[in-house]
**Q** 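Dropping the structure in here first, questions after.
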Amino acid sequence: MERSAAQAFQGRDVPAFLLVHASPPEAWRPQLKAGTLWVVESEGQVVAFLAATATGDRLHIDEVDVDLGAQGRGVGRRLIGHVVRWARDAGLAQLSLTTFRSVPWNGPFYASLGFVEDARLPELQAILAAEADKGLSDRCAMVLAL
Ligand SMILES: CC(C)(COP(=O)(O)OP(=O)(O)OC[C@H]1O[C@@H](n2cnc3c(N)ncnc32)[C@H](O)[C@@H]1OP(=O)(O)O)[C@@H](O)C(=O)NCCC(=O)NCCS
């Protein structure tokens, strides 16, 4: 799923390793155990997933991916909308993520969902620093007040 989704970055100014990277399944086990990993199924196939981690009253989206063949059909928007409602119902105050500022279906897409660029939280600064160490530039932190 991660590798398929990342093919959308072909021809974009992103590091080449992103196109072939896939996290080991264990990487998402904590979110699965915590009940903060969602998948979208279509005709018996998983076509999207979102993994998030709750820290205090904030839910951080660690990863969201839609299979390349299912992109651009509203799956991502519906999935994030579902997680926004879930987080509100859980009494959380904020949703956060880090993303590419200039990729049109990243920063501008999340802005259209109400996220605003905000890197004041030290935890988000630490994530951006770790991403920069891996060669990911043009990244920003975004926060949605619930
Ligand atoms: C980002 C992502 C999760 C969005 O999910 P999606 O199901 O493709 O998006 P939706 O169909 O819900 O559309 C969301 C908006 O993004 C736009 N969009 C989606 N894919 C696009 C593309 N390849 N190029 C331009 N715009 C695109 C849509 O036009 C839509 O805008 P609109 O609602 O104003 O029409 C998904 O495209 C994806 O997995 N992309 C590759 C990996 C990635 O970018 N992960 C997120 C990193 S933070």
Side-chain angles (χ1 to χ4, degrees), residues 1-55 58-88 92 94-146:
M1 180 73 58
E2 285 178 55
R3 268 195 295 260
S4 169
Q7 299 319 304
F9 291 128
Q10 292 264 14
R12 298 273 162 185
D13 188 19
V14 302
F17 78 83
L18 270 191
L19 301 181
V20 292
H21 170 80
S23 308
E26 305 81 70
W28 306 124
R29 221 171 282 289
Q31 293 89 337
L32 184 63
K33 260 183 118 174
T36 50
L37 190 151
W38 291 265
V39 300
V40 178
E41 275 186 350
S42 172
E43 295 171 8
Q45 299 285 325
V46 174
V47 296
F49 84 97
L50 186 156
T53 304
T55 311
R58 180 173 54 88
L59 184 71
H60 184 78
I61 298 177
D62 303 302
E63 183 83 25
V64 53
D65 284 311
V66 176
D67 191 81
L68 184 67
Q71 288 178 16
R73 297 188 200 159
V75 173
R77 193 176 282 283
R78 282 197 298 278
L79 176 57
I80 294 170
H82 175 83
V83 173
V84 167
R85 287 190 295 280
W86 180 92
R88 277 199 188 113
L92 300 178
Q94 287 183 319
L95 205 57
S96 61
L97 54 83
T98 63
T99 191
F100 287 104
R101 205 178 254 123
S102 61
V103 174
W105 61 90
N106 281 181
F109 165 54
Y110 299 118
S112 79
L113 286 160
F115 285 83
V116 292
E117 202 174 324
D118 182 350
R120 283 175 296 176
L121 283 174
E123 295 94 328
L124 296 179
Q125 287 169 15
I127 293 172
L128 288 172
E131 290 177 348
D133 282 350
K134 286 195 283 182
L136 297 175
S137 56
D138 184 36
R139 301 279 291 177
C140 65
M142 300 184 84
V143 173
L144 173 69
L146 298 167

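Nothing here was measured: the structure is a model prediction, and the numbers come from that model.
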**Q** In sequence, state the C-alpha distance, the side-chain angles, and the governing distance for Val64 and Leu97, and then conclude on side-chain contact (heavy atoms from CB on, under 4.5 Å).
**A** CA-CA 10 Å; Val64 53; Leu97 54 83; over 6 Å; no
**Q** If the condition is side chain to side chain donor-acceptor pair (under 3.5 Å), which residues does Gln31 pass it with, not counting sequence neighbours?
**A** Asp62
**Q** Restricting to pairs with a member in residues 113-146, which pass ring pair (Phe, Tyr, Trp, His ring centres under 6.0 Å), not counting sequence neighbours?
**A** Tyr110-Phe115
**Q** Would you indicate whether the side-chain heavy atoms of Phe100 and Leu136 approach each other to under 4.5 Å?
**A** yes
**Q** Please name all residues satisfying side-chain contact (heavy atoms from CB on, under 4.5 Å) with Pro24, sequence neighbours left out, ordered by chain then number.
**A** Glu26, Ala27
**Q** Please name all residues satisfying side chain to side chain donor-acceptor pair (under 3.5 Å) with Ser96, sequence neighbours left out, ordered by chain then number.
**A** Arg58, His60
**Q** How many angstroms lie between atom CD1 of Ile61 and atom CG of Leu95, to the nearest 0.5 angstrom?
**A**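 One gets 4.5 Å once the value is rounded to the nearest 0.5 Å.
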**Q** Measure the shortest side-chain to side-chain distance between Thr53 and Thr36 over non-hydrogen atoms and say whether it is less than 4.5 angstrom.
**A**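 Side-chain contact under 4.5 Å: no.
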**Q** In chain order, what residues pass the side chain to side chain donor-acceptor pair (under 3.5 Å) check against Thr55, with sequence neighbours excluded?
**A** none
**Q** If you compare all heavy atoms of Thr99 against all heavy atoms of Met142, which two are closest, and at what distance to 0.1 Å?
**A**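 Taking every non-hydrogen atom into account, CG2-SD, 3.8 Å.
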**Q** Considering only residues two or more places apart or on different chains, which pairs with a residue in residues 27-55 satisfy salt bridge (Lys or Arg N to Asp or Glu O under 4.0 Å)?
**A**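 Matches after skipping sequence neighbours: none remain.
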**Q** Rounded at 0.5 Å granularity, tell me how far CG in Leu144 sits from CG in Leu113.
**A**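 Here the interatomic distance stands at 8.0 Å.
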**Q** Give me each pair satisfying salt bridge (Lys or Arg N to Asp or Glu O under 4.0 Å) with a member in residues 114-137, each pair once, sequence neighbours excluded.
**A** Arg101-Glu117, Asp118-Arg120, Glu131-Arg139
**Q** Counting only pairs under 3.5 Å, give me each side-chain donor-acceptor contact of residues 74-88, with atom names and distances, residues two or more places apart or in other chains.
**A**
| from | atom 1 | to | atom 2 | distance (Å) |
| --- | --- | --- | --- | --- |
| Arg77 | NH1 | Ser112 | OG | 3.4 |
| Arg77 | NH2 | Ser112 | OG | 3.0 |
| Arg85 | NH1 | Gly81 | O | 3.4 |

**Q** Does Val66 reach the side chain of Trp105, with side-chain heavy atoms less than 4.5 Å apart?
**A** no
**Q** Test of understanding: with side chain to side chain donor-acceptor pair (under 3.5 Å), list the residues that count as partners of Ser137, not counting sequence neighbours.
**A**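 In terms of side chain to side chain donor-acceptor pair (under 3.5 Å), with neighbours along the sequence ignored, Ser137 is linked to no residue.
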**Q** Between His21 and Pro15, is any pair of side-chain heavy atoms under 4.5 Å apart?
**A**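 No - every pair of side-chain heavy atoms lies 4.5 Å or more apart.
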**Q** Are Glu63 and Trp28 packed together at the side-chain level, in the sense that at least one heavy-atom pair is separated by less than 4.5 angstrom?
**A** yes
**Q** Can you name the side-chain contact (heavy atoms from CB on, under 4.5 Å) partners of Ser4, sequence neighbours left out?
**A**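 Applying side-chain contact (heavy atoms from CB on, under 4.5 Å) to Ser4 gives Asp67, Leu68.
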**Q** Val39: what forms a side-chain contact (heavy atoms from CB on, under 4.5 Å) with it, not counting sequence neighbours?
**A**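 Val39 satisfies side-chain contact (heavy atoms from CB on, under 4.5 Å) with Leu37, Val46, Phe49 once adjacent residues are dropped.
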**Q** Can you tell me if Gln94 uses its side chain to pair, donor with acceptor, with the backbone of Leu59 under 3.5 Å?
**A** no
**Q** Minimum heavy-atom separation for Pro104 to Arg12, with atom names?
**A**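 Minimum heavy-atom contact is CD-NH1, 3.5 Å.
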**Q** Taking side-chain contact (heavy atoms from CB on, under 4.5 Å) as the definition, give me every residue that meets it alongside Ala5, ordered by chain and number, with sequence neighbours left out.
**A**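 For Ala5 the side-chain contact (heavy atoms from CB on, under 4.5 Å) partners, ignoring immediate neighbours, are Asp65, Gln71.
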